[in-house]
Amino acid sequence: MATLSEITSLCKRRGFIFQSSELYGGINGFWDYGPLGTELKRNIRQAWWRDMVSWHNPLLAPAGAPAAFAMVGIETSVIMNPQVWKVSGHYDLFQDLMVDCRETKLRYRYDQLRGRWAEARGRKIFITADPDAEDEFDFVSRRASKLFKVPTGSPELKWASDFMSLSQIAVEDFVGVLAPQAQAPGTLSEPREFNLMFKTYVGALTSEEHAAYLRPETAQGIFLNFKNVIDSSRVRLPLGIAQIGKSFRNEITPRQFTFRSREFEQMEIEFFCHPSTSEAWYRYWRDRRLRWYFDLGIKPANVRLREHDKRELSHYSRGTADIEYAFPFLPAGDFGELEGVAHRGDFDLRSHMEGKLDPNSNPLLVERDSAGQPRWRGSGKNLAYRDERTNETYIPHVIEPSAGVDRALLAFICDAMQTDEAPDDTGTLRQRSVLRLSPRLAPVKVAVLPLVRKDGMPEIARDIHNALVRHVAVQYDEKDAIGRRYRRADEIGTPLCITVDGQTLRDNTVTFRNRDDLSQWRVHVNDCEAEVRRFIGA
RNA sequence: GCGGGCGUAGUUCAGUGGUAGAACAUCAGCUUCCCAAGCUGAGUGUCGAGGGUUCGAUUCCCUUCGCCCGCUCCA
């Protein structure tokens, strides 16, 4: 399989992906799409939108679906009322305080590091536990006896406190804190803020009361408009609302080409249904979304569906599955997330009604501050749904398939990139670089080529090109030998070539040539468009 | 954010303390009746950016930006 540098150099050489602001040395975590990349990306969005939204038939239950359902699309703003992110939980979650260990270079979440004070041989040290330790009591005991050089369980070692969070310890006292993997105390930095949301200011004044955030996901825009859509669109549950749009996250370490970017595009559906049917809908969406990648030509061997186990799940969720791809730049056996399909229960709608819910409470309760008030106040609006046929009112459960456009594009390119062998005109096998993209996704569907640049062939080929140009993405190429033109088409994934040759002059047929198996067949000049459409399935 | 490596033409790379080359790609022409053929010709780089040392820096030093790898992070 291709390496990351082979992928990035092909993407640059052929105009799929460039580094953003490359002229000025680039900017970490941002990417531009070139002419072919833009077409490919549009085709991915279009395939998703058609398959999920515009080609959806609300009168028939799709294969495997529990029932027929409605599906509409919306497009919401990137910047929203900041309260949205407080209620959604992103504000708390994305403003993590971290501490770094200067000795081991390890970083810990400030609120996750726990430990207890230990006293021996005249020294008092706060011994922290590794957050991943199976048994923090055991971990801390062993660390303490090693530090003080006393046997475990020795009466010399006294515990001066119970377990407590590092955040309860003053920063001045960090000199007496032993980090989980450090040899000596006092190696932890002061807690530092890592704000993962992009902050901006609305209006001309740069003051905190005008602060706002670029959305870190498109989903919240859908939740906020659930009631608007219901009230305006004559749709009933079960209902999917879809959106494609940009999102922004201040990733600490953008890496791996476009896989982890700070500006990225999402294709998300929030699917609203009755709580009693939500598990069946969850399974339906999980399986359907996985199949979508297969239908667009991703090799099943490179994809896996990873169901989160019970410990990873919030208790309110009946399931979350990641659709993952074996990106060639990841270590062998590792997969990277393309899409997450999550059963979110009524967490989001209820949070926007009542105030931010505590995801760890069971049953779900509004998170309160010390005064007993909601930590983050909800809208107070009623987002319950009334089924007018059964007269039942309920808060819908939500299934959320959330896909990354840029990640899908990268996976499609990685999966399609191949080097195989094809004979040259002397019959010897030569390396051929070919992009086996699905015809639906290919940026160029067909290349029209005169076999040689004489005998009127270019004129006929131009006529064919001109007839196709309003209907399919077509390229005309008369430069260089025919074999070289085929290879150029192969390298950018053009699935079909139409060649005007000597026989065309006699009987008005042209040669169609298939990118994948090099097969050829003849088609009448007047039937070119129909044949292209048949082949690419559009 | 930490540690390591790297940055020369569109791409892959060579090279030198005296301002740069190859292959492929690109463009033009000739030739060419089916899979990267041949011939002729052309263009391309402020050697990532800024500063320093030096008579002189792409080359040595510092800073910075970017890329890759490992940690960390990844709702």
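Chain identifiers are assigned alphabetically (A, B, ...) following the order of the sequence lines, protein sequences preceding nucleic acid strands; residue numbering begins at 1 within each chain. Scope of the values below: all heavy atoms of this structure, side chains included, with no hydrogens, waters or symmetry mates.
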Roughly, in whole Å, what's the span from CD in A/Glu491 to P in B/rU12? 13 Å
Look at A/Arg484 and B/rA37 and indicate whether a side-chain polar atom (N or O) is within less than 4.0 Å of OP1 or OP2. yes
Roughly how many Å is it from CG in A/Leu518 to C1' in B/rC34, rounded to a whole number? 11 Å
Please lay out, stage by stage, how A/Asp501 and A/Thr499 fare under the test side-chain hydrogen bond (donor to acceptor under 3.5 Å, both in side chains). CA-CA 6 Å; A/Asp501 52 27; A/Thr499 306; over 6 Å; no
Need one value for A/Ser88: base, sugar-phosphate or nothing, where a base atom within 4.0 Å counts as base even if backbone is also close, heavy atoms only. nothing
Here the distance between atom P of B/rC39 and atom CG of A/Asp480, to the nearest Å, is 14 Å
Under 3.5 Å, is there a donor-acceptor pair between the A/Thr76 and A/Gln243 side chains? yes
A/Tyr486 OH to B/rA37 P, in whole Å, measures 14 Å
For atom CG of A/Leu449 and atom C1' of B/rU32, their distance in whole Å: 15 Å
Proximity of A/Phe512 and A/Trp521 rings by center, below 6.0 Å: yes
Are OP1 or OP2 of B/rC27 and a side-chain N or O of A/Lys479 less than 4.0 angstrom apart? no
When you get a sec, tell me which of B/rC35, B/rU32, B/rA36 is the closest nucleotide to the side chain of A/Gln520? B/rC35
Using a cut-off of less than 4.0 Å, is there contact between a side-chain N or O of A/Arg14 and OP1 or OP2 of B/rA25? no
Starting from P on B/rC35, measure out to CD1 on A/Ile482 and report it in whole angstrom. 9 Å
Distance under 6.0 Å and angle within 45° of the ring axis: does A/Arg306 meet both against A/Phe335? no
Rounded distance in Å - CD (A/Glu22) to C1' (B/rC65): 13 Å
Separation of B/rC34 atom P from A/Asp455 atom CG, nearest Å, is 13 Å
A/Lys12 side chain N/O closer than 4.0 Å to the phosphate oxygens (OP1, OP2) of B/rG10? no
B/rA22 to B/rC69 separation - P atoms, rounded to the nearest Å: 32 Å
If only side-chain N and O atoms of A/Asn28 are considered, is one of them under 4.0 Å from the OP1 or OP2 phosphate oxygen of B/rC65? no
Taking only N and O in the side chain of A/Arg487, is any of them less than 4.0 Å away from OP1 or OP2 of B/rA36? yes
Give none if B/rG66 has no partner; otherwise give the nucleotide forming a Watson-Crick or G-U wobble pair with it, both distances under 3.5 Å. B/rC6
Considering only side-chain heavy atoms of A/Phe329, which listed nucleotide, B/rC69, B/rC34, B/rU31, is closest? B/rC69
So, A/Phe257 versus A/Phe259, ring centres under 6.0 angstrom or not? no
Which is true for A/Ser9 with a 4.0 Å heavy-atom rule: it touches a base, it touches only sugar-phosphate, or it touches nothing? sugar-phosphate
